[in-house]
Amino acid sequence: MGSKEQLFKYLLRLGDNALIQGHRLSEWCSRGPILEEDIALSNLALDNIGRAQAFLQYASEVEGNGHTADDLAYRRSERQYLNFLITELPTGNFAYTITKQLFIAQYDVILFEALCKSTDTTIAGIAAKAIKEARYHASHASDWCLRLGMGTALSHDLLQNEINDIWMFTGEMFEMTELDKDLVQFGISPDLTILQNIWLDKVGSVLIKSGIQLPGQGYQQTGSQQGIHTEHLGHILSEMQYLQRAYPDATW
Amino acid sequence: MNSTDLVTSFERKIDAEDKIEPRDAMPEKYRLHLIRQISQHAHSEVIGMQPEGNWLSRAPSLRAKQILLAKIQDEGGHGLYLYSAAETLGISRDEMIRQLHEGKARYSNIFNYPTLTWADIGAIGWLVDGAAIVNQVALQRTSYGPYARAMFRICKEESFHQRQGYEIMANMMKGTVAQREMAQDAMNRWWWPSLTMFGPHDSDSPHSGDAFRWKIKRKSNDELRQKFIDKTVQQAEVIGLTIPDAQLKWNEEKQGYDHGEINWEEFKRVINGDGPCNRQRIEHHKKCHEEGRWVREAAEAYQRKIQSINN
Amino acid sequence: MATDTQLDLWEVFIQGKSGGHHMHAGSVHASDKEMALKNARDLYTRRSEGGSIWVVPSSAIISSAPDDAAMLFDPANDKIYRHPTFYVIPEGAKQI
């Protein structure tokens, strides 16, 4: 197995991704395009926040400093967060959210499929639950891609526009950092370069069916695994952590 | 069926405590009364998502975040059940939303007050949902079948709402001085508006006559309010909160609490549009409805394309 | 373009556990059947109520008229020979 620090860092990535993604999805609450979809988006958010809790809980156990999952979520700063940049991008319009959902949920599906076979049995256990959620999320996102891509000229153009805009944040999800290279050796996490090809196939086939052009191989943003984020994350955290920071002695 | 037969068959059912179902004969006034009441109830659930949603991004723990989101989601679901019940009376949800936007349909006054601190989330769950559930439990016996069934499901699901609110308040009262002050402050601001949720005194309630005769309403405003006060005072005492009513006193004879007079002038002012958040709530709803338009239109256009391919 | 902004109405039937009947749970709005199914799942199975879902366009349902109730259902009332309790079984007979 890898070192404690490596495992801890990897768990933060998994937990932070789910937390920030869940937080962004929860921003749709009371704002959905129709009441049914409002409820659907809340379900997606709840799956993500629940998953964040599971991974951060395990992270806190691995860290072994007496911190809780909440301490990790509410007391770390921007530079210590390891979520991918794509998760912190603004909620935006519905096409923007669906684009993010498509990219992230398809990634989650193949990641958790691989993590179900992780040599770390706790990760494998969480992944076994998460894979079911992720499959539903991916199906939900694909359905909406079809509707928006094939719907009206306006919805098609909006979707194409958001796909083009967000594309440069997808490469980061497959970067093999030093941490990844080490963990792959121990069978804890999968080789992301292999995952990337599967992901491109899956996302590509949804987009083609939706009448959307795949963006070319442009520049890909990076930085989150060094804690270098977009400007958005600071705002998310200053809201999310407000009570814990303003009343450090309080428990809720 | 002529109109006399219609009235007799309807009244026979009401007398026999049978439920009225969508295709049953019913007086037009009964139908309109129900549409007004059920749509108002549905709008209340949906508008009620906003004041609580105001704290979603600031919920202080992962647990609190999930609970609050699940709770607000439930409110949306309950709005949906109620819209469906109203739709069986021949009004579309589209029309109900239009009436809300045009100010012709109302929603519960309580949601025109702002949520200022996290304790307000506790107070809403405990007091506002607590008051709502007293009302809703009584409505499970309402005479219109789809409404009664919606109420049954809602009551079953809502049972956790009040508990989560009370838990927030209880935890804060066990916490720091700042937390206790925050909790008492929320209590002070939400107590009186909660009491107005039951509507005017029975003596001033304009629609009660028909509603009782038709068994839409099963208990009077004052009866329900009394029930709420009696159970809530004890709950406040257990966690050390003070009810902001100097005249609140146990009445041995009626086995209930006497309470001070509600500020009906404020109630009327807020209900007539001059509450702190009336405009904000409707604007929010309108804005999201408009912003969602292109999404709904895309979904409809997609469906038409699929149909034309299949045909 | 339809003037109604709330999509079409669908009826939802849920089977709670395997082997049971699908029971009417309520309705949802949706523009297509995939959406109707997912919306039903997201709304009516939040507390593990579901094992299987059917959705049907509300417009595809026909219901009996209350005025026809006597004609439709009363004639069954005197067919008591359809119920096992109608028959007299000799004492001592088993497993019948």
Side-chain angles (χ1 to χ4, degrees), chain A residues 19 22-43 45-46 49-50 52-53 56-57 68-70 72-74 93-95 98 143-144 146-156 158-159 210 236 239-244 246-247 249-252, chain B residues 42 45-66 68-70 72-77 79-80 83 93 97 117-118 122 168 171-172 174-176 178-179 182 284-285 287-289 291-306:
Chain A
L19 177 57
H23 184 94
R24 279 300 193 209
L25 283 165
S26 79
E27 291 177 349
W28 275 102
C29 185
S30 91
R31 293 180 171 85
I34 190 163
L35 194 46
E36 280 81 354
E37 190 56 28
D38 203 300
I39 290 162
L41 290 162
S42 286
N43 274 342
L46 282 168
I49 302 167
Q53 191 162 30
L56 293 178
Q57 170 70 36
T68 63
D70 278 342
L72 293 177
Y74 290 88
N93 66 33
F94 190 69
I98 289 300
D143 283 2
W144 271 110
L146 276 173
R147 289 187 195 107
L148 299 183
M150 306 292 282
T152 61
L154 172 67
S155 68
H156 172 274
L158 275 170
L159 183 63
S210 309
I236 294 178
E239 264 190 79
M240 190 172 88
Q241 299 178 336
Y242 153 65
L243 282 167
Q244 291 262 359
Y247 303 92
D249 303 329
T251 51
W252 306 88
Chain B
E45 298 280 358
V46 171
I47 297 292
M49 296 168 79
Q50 293 179 39
E52 291 180 288
N54 184 39
W55 277 89
L56 251 181
S57 62
R58 293 176 287 175
S61 70
L62 294 170
R63 180 176 182 269
K65 206 177 181 70
Q66 290 171 81
L68 182 59
L69 182 53
I72 305 174
Q73 183 195 43
D74 269 356
E75 313 291 3
L80 223 155
Y83 282 130
R93 192 162 87 190
I97 290 172
T117 71
W118 175 249
I168 289 174
N171 284 343
M172 291 181 75
K174 281 187 293 195
T176 63
Q179 284 177 299
M182 209 187 275
H284 176 107
H285 197 278
K287 183 169 174 275
C288 299
H289 182 73
E291 285 174 356
R293 187 179 294 279
W294 70 267
V295 178
R296 298 186 302 262
E297 286 176 358
E300 286 176 325
Y302 171 74
Q303 165 65 1
R304 280 194 300 277
K305 273 185 198 160
I306 294 295

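Just so we're on the same page: letters track the sequence lines, and every chain starts at 1. Quick caveat: nothing in here was measured; it's all calculated off a predicted structure.
Contact of A/T251 with chain B is made through the backbone alone, with heavy-atom distances under 4.5 Å. Looking at A/L41, there are no atoms closer than 4.5 Å to chain B (heavy atoms on both sides), in backbone or side chain. For B/T176, the part sitting under 4.5 Å from any heavy atom of chain A is the side chain, from C-beta outward, and nothing else. Residue B/A64: no heavy atom, backbone or side chain, is found under 4.5 Å from chain A. Both the backbone and the side chain of A/I49 have a heavy atom closer than 4.5 Å to some heavy atom of chain B. Within the 4.5 angstrom heavy-atom criterion, no atom of A/A153 approaches chain B. Only the side chain of A/Q244 has a heavy atom closer than 4.5 Å to any heavy atom of chain B. Contacts of A/I98 with chain B are absent, with no heavy-atom separation under 4.5 Å from either backbone or side chain. Heavy-atom distances place no part of B/E291 under 4.5 Å from chain A, backbone and side chain included.
Between A/E36 and B/R93, at least one side-chain nitrogen of the basic residue sits less than 4.0 Å from a carboxylate oxygen of the acidic one, meeting the salt-bridge criterion.
Put simply, the side chain of A/L46 reaches to within 4.5 Å of the side chain of B/Q73, judged on heavy atoms.
Taken to the nearest 0.5 Å, the CD1 atom of B/I72 stands 12.5 Å off from the CD1 atom of A/I39. In this structure, the separation between CE on B/M49 and SG on A/C29 is 4.5 Å, given to the nearest 0.5 Å.
The side chain to side chain donor-acceptor pair (under 3.5 Å) check on B/Q303 picks up nothing, with sequence neighbours excluded. In terms of the side chain to side chain contact (heavy atoms under 4.5 Å, CB included) criterion, residue partners of B/S57 (sequence neighbours excluded) are, by chain and number, A/H23, A/E239.
Classification of the A/F94-B/W294 ring pair by plane angle, with boundaries at 30° and 60°, yields perpendicular.
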